[in-house]
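Presented below is the structure to which this report refers.
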Protein chains: 2
Amino acid sequence: MPKVGMEPVRRKALVDAAMRVIGDHGSLTVTMSEIAKEAGVSPALAHHYFGSKEQLLIETVRVHLQRLRDSVVTALRAARTPREKLSAVIRVSFQADQFAPETIAAWLAFYAEAQRSEETRRFLVIYARRLHSNLVANLKALCPVGDAERIAEGAAAMIDGLYIRQSLRSAPISTEASIALTEDYLTAHLNALEG
Amino acid sequence: MPKVGMEPVRRKALVDAAMRVIGDHGSLTVTMSEIAKEAGVSPALAHHYFGSKEQLLIETVRVHLQRLRDSVVTALRAARTPREKLSAVIRVSFQADQFAPETIAAWLAFYAEAQRSEETRRFLVIYARRLHSNLVANLKALCPVGDAERIAEGAAAMIDGLYIRQSLRSAPISTEASIALTEDYLTAHLNALEG
DNA sequence: TATTATTGATTGACTGATCAATCAATAAAA
DNA sequence: TTTTATTGATTGATCAGTCAATCAATAATA
């Protein structure tokens, strides 16, 4: 065989290239040629390994969400109290690599794609549920379940909203300011319940 | 068939058709043929009146935002106190037609398109600024300017976030629940400042 | 060691489909 | 007749996907 065992190398290179191209482009309307060129291989090879453009894009979304998930798991392990864990979830959502313009553009593109691709939608629903349940699980330790659900709903919406607003680059909000806004939301509501 | 004075009729029909097709499709990746067919005319006529697909789509975004703007203006006029005006802004953001699945899909598509089309981006930035300034203007009557800016930022993010989460149709939130969440956000923060 | 068979990796060239855009032609009104 | 409305037919570009052919590394064989 030639350089045997190229498959995993190429698959990773193509997925990474797809992320970059999608980010640049700000949309999933990218060509296999662009992705392949970015990865330094021929378009034919991309088809050889992924079968179709859709499969390559789906794999890209999957890997992207997997990475985010890993970050969350690590951050949660490092935090001790429920309140710290809540902060950890927020911090990860806005950490540097998630907040890079290309990453934000890619997220937006994934959301749009979810309207058409059932599989992409499934991945994003899983992400949304995970975010929600991570929040609820820790809020429950601090307030009644009903309130926990409601506050989690609001916090998740705020996180996603801060994201989408970043994508317009009109009034850029810093990572710290985004974290502070979401933290304030939690604090204000938890205090309101105690008071 | 040529009845004279068809231009405004056709333009409106095509823009409305574009909205429907985009909503169905959940993306701006729609063809002139689809739009024209939906409007009951030939693709050639669409080109005749709009010159290009991009211009038709831009006009569609423009009309869409214009309608939202009109709703806001009307609602603001009907409200008296600053607090009522804040509620009016929130209510309009989630009113029935804005919350229809196709409308949400279209919004999402516009956000994604803004990554590529400078003109679409300009329109959305104007929308974002208007929402922000409507909120700030009325918050200023209830709290210090600095806090008003911060609270407006959070409320706007929450509104957009509730939108984007609706697009996934995973845990659908009712109009009332969305309004309640945003209202709670305002109330909690305003109370926190007074207390 | 030299030869050969085998096979994964890789690509250039091609195909078929799709689509935006153009244009020439026609029909109705002014 | 001149202008406006309208369309069918066509063009040119872009792309996803296919395929036959080539390359290079290994392993079996002589």
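Throughout, a chain's letter reflects where its sequence line sits, starting with A, and its residues are numbered from 1.
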Check residues 19-34 of chain B and write down every donor-acceptor pair under 3.5 Å in which the side-chain atom is one partner and the other belongs to a residue at least two apart or another chain.
{"from": "B/Arg20", "atom 1": "NE", "to": "B/Glu38", "atom 2": "OE2", "distance (Å)": "2.6"}
{"from": "B/Arg20", "atom 1": "NH2", "to": "B/Glu38", "atom 2": "OE2", "distance (Å)": "3.3"}
{"from": "B/Ser27", "atom 1": "OG", "to": "B/Thr29", "atom 2": "N", "distance (Å)": "2.7"}
{"from": "B/Ser27", "atom 1": "OG", "to": "B/Thr29", "atom 2": "OG1", "distance (Å)": "3.1"}
{"from": "B/Thr31", "atom 1": "OG1", "to": "B/Glu34", "atom 2": "N", "distance (Å)": "3.0"}
{"from": "B/Thr31", "atom 1": "OG1", "to": "B/Glu34", "atom 2": "OE1", "distance (Å)": "3.3"}
{"from": "B/Glu34", "atom 1": "OE1", "to": "B/Thr31", "atom 2": "N", "distance (Å)": "2.9"}

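Between the CE atom of B/Met6 and the P atom of C/dA30 there is a distance of 13 Å, given to the nearest Å. The distance between atom CD of B/Glu7 and atom C1' of D/dT3, rounded to the nearest whole Å, is 13 Å. One interatomic measurement links the two molecules: OH of A/Tyr49 to P of D/dT18, which rounds to 17 Å at whole-angstrom precision. Rounded to whole angstrom, the span from the CG atom of A/Leu57 across to the C1' atom of D/dG17 amounts to 14 Å. Separating the CD1 atom of A/Ile35 from the P atom of D/dA16 is a distance of 8 Å, rounded to the nearest angstrom. One can place CZ of B/Arg11 at 15 Å from P of D/dT4, the figure rounded to the nearest angstrom. Rounded to whole angstrom, the span from the CG atom of B/Leu45 across to the P atom of D/dA9 amounts to 17 Å.
Using a cutoff of 4.0 Å between basic side-chain nitrogens and carboxylate oxygens, B/Asp70 and B/Arg130 are not scored as salt-bridged. Salt bridge absent: B/Arg10 and B/Glu7 never bring a charged side-chain N and a carboxylate O closer than 4.0 Å. Under 4.0 Å is where a charged nitrogen must lie from a carboxylate oxygen, and between B/Glu183 and B/Arg83 at least one such pair does. One finds no salt bridge joining A/Arg122 and A/Glu118 here, because no Lys/Arg side-chain nitrogen approaches an Asp/Glu carboxylate oxygen to under 4.0 Å. For B/Arg150 and B/Asp147, the salt-bridge test passes: some basic side-chain N is under 4.0 Å from an acidic carboxylate O.
Taking five base pairs at each end of the helix from C/dT1-D/dA30 to C/dA30-D/dT1 and finding the rotation axis that steps the C1' atoms of four pairs onto the next four gives two axes whose angle is 20°, to the nearest 10°.
In terms of phosphate contacts, A/Arg10 brings a side-chain nitrogen or oxygen within less than 4.0 Å of OP1 or OP2 of C/dT10.
Under the 6.0 Å distance and 45° angle rule, A/Arg62 does not count as a cation-pi partner of A/Phe123. Seen from the ring of A/Tyr127, A/Arg69 does not count as a face-on cation partner, given the 6.0 Å and 45° thresholds.
Here the side chains of A/Thr103 and A/His64 are in contact, with some heavy-atom distance below 4.5 Å.
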Can you pull every protein N or O that's under 3.5 Å from an N or O on nucleotides 20-23 of chain C?
{"from": "C/dA20", "atom 1": "OP1", "to": "B/Val30", "atom 2": "O", "distance (Å)": "3.4"}
{"from": "C/dA20", "atom 1": "OP1", "to": "B/Lys53", "atom 2": "NZ", "distance (Å)": "3.0"}
{"from": "C/dA20", "atom 1": "OP2", "to": "B/Met32", "atom 2": "N", "distance (Å)": "3.0"}
{"from": "C/dA21", "atom 1": "OP2", "to": "B/His47", "atom 2": "NE2", "distance (Å)": "3.0"}
{"from": "C/dA21", "atom 1": "OP2", "to": "B/Lys53", "atom 2": "N", "distance (Å)": "2.8"}

